[in-house]
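Only heavy atoms go into these numbers, but all of them, side chains included; no hydrogens, no water, no symmetry mates.
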Amino acid sequence: MCPQCEDFARTVLLLGQLALYADTAQADQDFIESVGPSLAVSLPEPPPGVLPPGYDPDGGPDYPSEPS
């Protein structure tokens, strides 16, 4: 696995594990609120082939609260 692919997969796995932990009864909300955004920001660019060619993350529909 390429180094970028490995970093991406590991970070996605950690985000998933954090989401599962957040659903437990004894979850520490302060921990979740501090670690979650840090993990999300550290997510590297997805490896080639994860997103379709020409994918534009800003190309979706407008949200109801956003002007067209």
For Ala27 against Ile32, the heavy-atom pair lying closest together =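 Between these two residues, the closest heavy atoms are CB-CD1, 3.8 Å.
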If you compare all heavy atoms of Thr11 against all heavy atoms of Leu39, which two are closest, and at what distance to 0.1 Å?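 Of all heavy-atom pairs spanning Thr11 and Leu39, the closest is CG2-O, 3.6 Å.
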Quick one: OG on Ser38 to CG on Leu14, what's the gap to the nearest 0.5 Å?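 Between Ser38 OG and Leu14 CG, I get 12.0 Å after rounding to 0.5 Å.
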Roughly how far, to the nearest 0.5 Å, is OG of Ser34 from CG of Asp28?
->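 The OG atom of Ser34 is 8.0 Å from CG of Asp28, to the nearest 0.5 Å.
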Does Thr24 use its side chain to pair, donor to acceptor, with the backbone of Leu20 at less than 3.5 Å?
->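 No; zero donor-acceptor contacts below 3.5 Å.
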Margin query: Quick check on Tyr21: does its OH atom have over 12 non-hydrogen neighbours (other residues, nucleotides or ligands) under 6.0 Å away?
Written below: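 Atom OH in Tyr21 is crowded, with more than 12 foreign heavy atoms closer than 6.0 Å.
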Would you list the pairs meeting salt bridge (charged side-chain N to carboxylate O under 4.0 Å, His left out) in which at least one residue belongs to residues 10-25, sequence neighbours left out?
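Those involving residues 10-25 are Glu6-Arg10, Asp7-Arg10.
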